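This chain uses plain numbering: 1 for the first residue, then up along the sequence. For clarity, every value in this text was computed on a predicted model and none was experimentally measured.
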Amino acid sequence: MRKLYLFILINLIISALIAIRYFLIPETSFSLLGIGFAFCAMVSNLFILYLLLFLVCLPLLLLNQVTRHIILSLILSLAQCLIFVDTIVFQQYRFHINQSVLSMVLSGQVVDFSILTYCLIGLLIFALFCVEYFTLFALNKFITKRYTGESANKRRSFPAIWFANCLLFLTLCISQFGHMVAFYYAYSPIMAIKEYVPLYYPLTSSTIMKMVDKDGERKVVYSPKAKNHSLFYPKAPLVINPSNKKPQNIMFIVLDSWRYDTFSPEISPNTYQFVKQNGGVIFNNHYSTGNATRTGIFGLFYGIPGTYWDAFLRNSIPSLFVTTLQKENYNIGIFTSAKVTAPEFDRTAFVTIDKLRINSEGNSASERDKVLTDDWLAWFRSRDQERPTFSFLFYDAPHGYDFPADFEVKFKPVGDLNYMTLNNETTPEPIFNRYKQSVYYDDHLLQQIYDELLASGTLDNTLIIITGDHGQEMNDNRLGFWGHNGNYTDAQTKVPFIVIGGKDSANLQENANKLTSHEDVVPSLMRHYLYVENDIRDYATGYDLFSPMPERNWLLMSNYSSYAVRTLDHIYLVNRIGVSHYMDAHNRKVDQTPNYQYIQSAIEQMRYFYKKSDSQ
């Protein structure tokens, strides 16, 4: 067993040397602290992985020596080869290899390997096998000699092993608790290391850190000169309004967990009537960039896939839409019902906004939504009317299925929500009625917003976008899914999307029947309302809704731990550990081959704003 453990430690050192390649990326530099943390993170993570491999290989000790050595050499040579190939994949694509990537590569639709490539791969594995076998042979000879002879009793201990174990334990503590501290204070040089280390899931705990420093989360320091370790965003400096055109007011009204089928005269009558009376354009096939708030709002404010969230959070990169509003001297009002710190929009989209309003007071979602409305009305009436205004109103009642006890109950019967008792046999109607009631309540509050826009005379000079951050399932697909963040079907990702006051209604009307996404909002507004002259691809991956759009074949969606390539008929899901599943639009697996050209295009989009290696 000791020999096997030593063999594992030797391979850990070899892997650590190979892993240096993860950090050899053009235009990427690290501070001394970052280099030290990267060493601890990589070594400790490899130690955990090799410790698991050690446990897996223990049964091989029951085999005879020759067979055992051959199998161990083969396993470890394949492990080293996998790490080496992963460094190549990471340098090229900025993500680590997984089952989805392997399926795409081996499908023959995207990559066609030559015979020479297969020969080189085979030669590499054979060479590594020889190195591993020789190492095992030499190690066996060394240990046999050490335990043979008169000095055996004096030299049974291996101080080097104990020293190595202590060092590895120390690196593990530093990599975990060091990241927890860095994440709490949004310290990018440490947080950025996470993306370089494969299968690295470090600690984050605001609860523990608040015991030490209660207000630490609010000590986020944004520096426009900060260097983004791996990102190339935007692709070129923005050219903003060189003709000095007069900006227009912009308003986002977003309901958390708003299903596409609950924008209707029955459930949201005030909003429906307001849209109809003011020539609003209703989009029929609009999807969020995710099935969770984090990625849905991220896509809305950045115009890029939610898969960039971690990298942007680690580097505290603001929304270019927000920074452009600031450069155009907008009044900016961010009014959220729930905390803007969870998810960490205070460290991403709104990091450049001073004195950011964190949340609304109240003991329930409906109370907070009422406070949000009142606070916005007071702020709006006291704003600087000589400047254009941007308002973001983010309501939460549908997310909590909440409405006041004394509010009119329109949808009956209304059931209580208990997630512990929900299952595939639960009758959806009472819960769905509670949800509809919460949307109906927020629609009631929104009438005050619409009235104020009309009374203040600003309605005709305001572009209004009304939408949701994601959907909310009521077991629509009969698979036991309730709420969101569970799958990428229409129930969880398709949302209402309405534009009021658009400049080019003809193109909007035409695009309203096409497949659209939250990614399309920022490029549309940056070009036509903030007068940014750059090519859209300099800062976004979406399309311009106010110009003729091409027909889309797919959309990219994500959440906290997975992503999906979504067509109207199919879902290609890649989960947290990189395993892919191909399903129909109702989340049932199908025995078909995905269109890997779509998958390849989605991967290109996910790495578009990462710095390219020299070989690309």
Side-chain angles (χ1 to χ4, degrees), residues 1-24 38-63 65-93 95-103 105-106 113 117-140 142-143 161 164-165 167-169 171-172 175 193-202 576-579:
M1 184 181 294
R2 180 173 294 181
K3 181 172 66 176
L4 175 60
Y5 188 70
L6 278 172
F7 185 53
I8 290 294
L9 289 181
I10 291 171
N11 273 274
L12 189 155
I13 295 172
I14 296 172
S15 295
L17 293 174
I18 295 174
I20 294 174
R21 289 171 47 85
Y22 286 117
F23 303 94
L24 302 180
F39 169 81
C40 293
M42 184 63 74
V43 170
S44 63
N45 205 54
L46 287 172
F47 173 63
I48 293 173
L49 296 175
Y50 271 112
L51 195 59
L52 293 173
L53 190 58
F54 169 75
L55 296 175
V56 170
C57 292
L58 279 177
L60 296 178
L61 297 176
L62 301 175
L63 303 176
Q65 181 173 296
V66 175
T67 304
R68 181 171 68 248
H69 284 192
I70 291 175
I71 296 176
L72 282 172
S73 299
L74 182 61
I75 292 174
L76 272 300
S77 62
L78 289 174
Q80 301 290 9
C81 184
L82 181 62
I83 292 173
F84 178 73
V85 171
D86 188 54
T87 64
I88 296 175
V89 171
F90 185 79
Q91 287 182 342
Q92 294 288 326
Y93 293 95
F95 56 77
H96 298 283
I97 198 167
N98 54 47
Q99 179 266 337
S100 173
V101 174
L102 290 174
S103 297
V105 169
L106 298 176
F113 290 129
T117 301
Y118 285 112
C119 291
L120 288 174
I121 294 173
L123 185 62
L124 174 63
I125 294 175
F126 178 73
L128 287 171
F129 174 82
C130 292
V131 171
E132 294 286 354
Y133 193 85
F134 174 79
T135 302
L136 199 53
F137 174 80
L139 185 62
N140 182 68
F142 169 76
I143 292 179
I161 293 181
N165 288 338
L167 179 62
L168 290 169
F169 180 74
T171 61
L172 179 62
S175 69
I193 301 300
K194 182 177 183 289
E195 66 188 88
Y196 294 85
V197 183
L199 300 175
Y200 176 46
Y201 303 107
R576 186 186 189 112
I577 61 174
V579 176

key: Flag side-chain contact, heavy atom, 4.5 Å: L9 against L168   = yes
ask   = At their closest point, which heavy atom of S73 faces which heavy atom of L136, and how far apart are they?
value = OG-CD2, 4.1 Å
note = Nearest heavy-atom approach of A41 to I193 is CB-CG2, 4.3 Å
I125 side, atom CD1; L82 side, atom CG - distance, nearest 0.5 Å = 10.0 Å
inquiry  = Could you measure the distance from the OG atom of S44 to the CD1 atom of I48? Nearest 0.5 Å is fine.
reply    = 6.0 Å
ask   = side chain to side chain contact (heavy atoms under 4.5 Å, CB included) between I75 and L60: does it pass, once the steps are laid out?
value = CA-CA 11 Å; I75 292 174; L60 296 178; 4.2 Å; yes
query = With a 4.5 Å limit on heavy-atom distance, are the side chains of R68 and L61 in contact?
reply = yes
request  = Identify the two heavy atoms, one from I70 and one from F129, that lie closest to each other, and give their separation to 0.1 Å.
outcome  = O-CE1, 3.5 Å
ask   = Is there side-chain contact between I14 and L76, with heavy atoms separated by less than 4.5 Å?
value = no
task = Any chance you could measure I83, atom CD1, to I88, atom CD1, to the nearest 0.5 Å?
result = 12.5 Å
task = Kindly compute the distance separating CG (L4) from CG (L139), expressed to the nearest 0.5 Å.
result = 9.5 Å
message = Working note: S77 + L74, criterion side chain to side chain contact (heavy atoms under 4.5 Å, CB included); need CA distance, chi angles, decisive distance, verdict.
response = CA-CA 5 Å; S77 62; L74 182 61; 4.3 Å; yes
ask   = If we only count heavy atoms from C-beta on, is the V131 to Q80 side-chain gap below 4.5 Å?
value = no
remark   = So CG of L52 and CZ of F47: to nearest 0.5 Å the spacing works out to 10.0 Å
inquiry  = Taking side-chain hydrogen bond (donor to acceptor under 3.5 Å, both in side chains) as the definition, give me every residue that meets it alongside Y200, ordered by chain and number, with sequence neighbours left out.
reply    = none
request  = Please report the C-alpha distance between E132 and L72 in whole Å, then the side-chain angles of each, then the deciding distance to 0.1 Å, and finally whether the side chain to side chain contact (heavy atoms under 4.5 Å, CB included) criterion is met.
outcome  = CA-CA 8 Å; E132 294 286 354; L72 282 172; over 6 Å; no
inquiry  = Could you tell me if the side chain of T171 sits less than 4.5 Å from the side chain of M42, heavy atoms only?
reply    = no
query = Would one find more than 12 heavy atoms of other residues, nucleotides or ligands at under 6.0 Å from atom CZ of F137?
reply = no
query = What's the spacing between N140 CG and T135 OG1 if we round to 0.5 Å?
reply = 12.5 Å
ask   = S175 and P202: which non-hydrogen atoms are nearest, and at how many Å?
value = O-CB, 4.0 Å
ask   = Can you check whether H96 and Y22 have ring centres sitting under 6.0 Å from each other?
value = yes
ask   = Do L128 and F84 pass the side chain to side chain contact (heavy atoms under 4.5 Å, CB included) test, and can you show the C-alpha distance, the side-chain angles, and the key distance before you say yes or no?
value = CA-CA 11 Å; L128 287 171; F84 178 73; over 6 Å; no
message = If you define the side chain from C-beta out and look only at heavy atoms, does anything of L24 sit under 4.5 Å from T87?
response = no
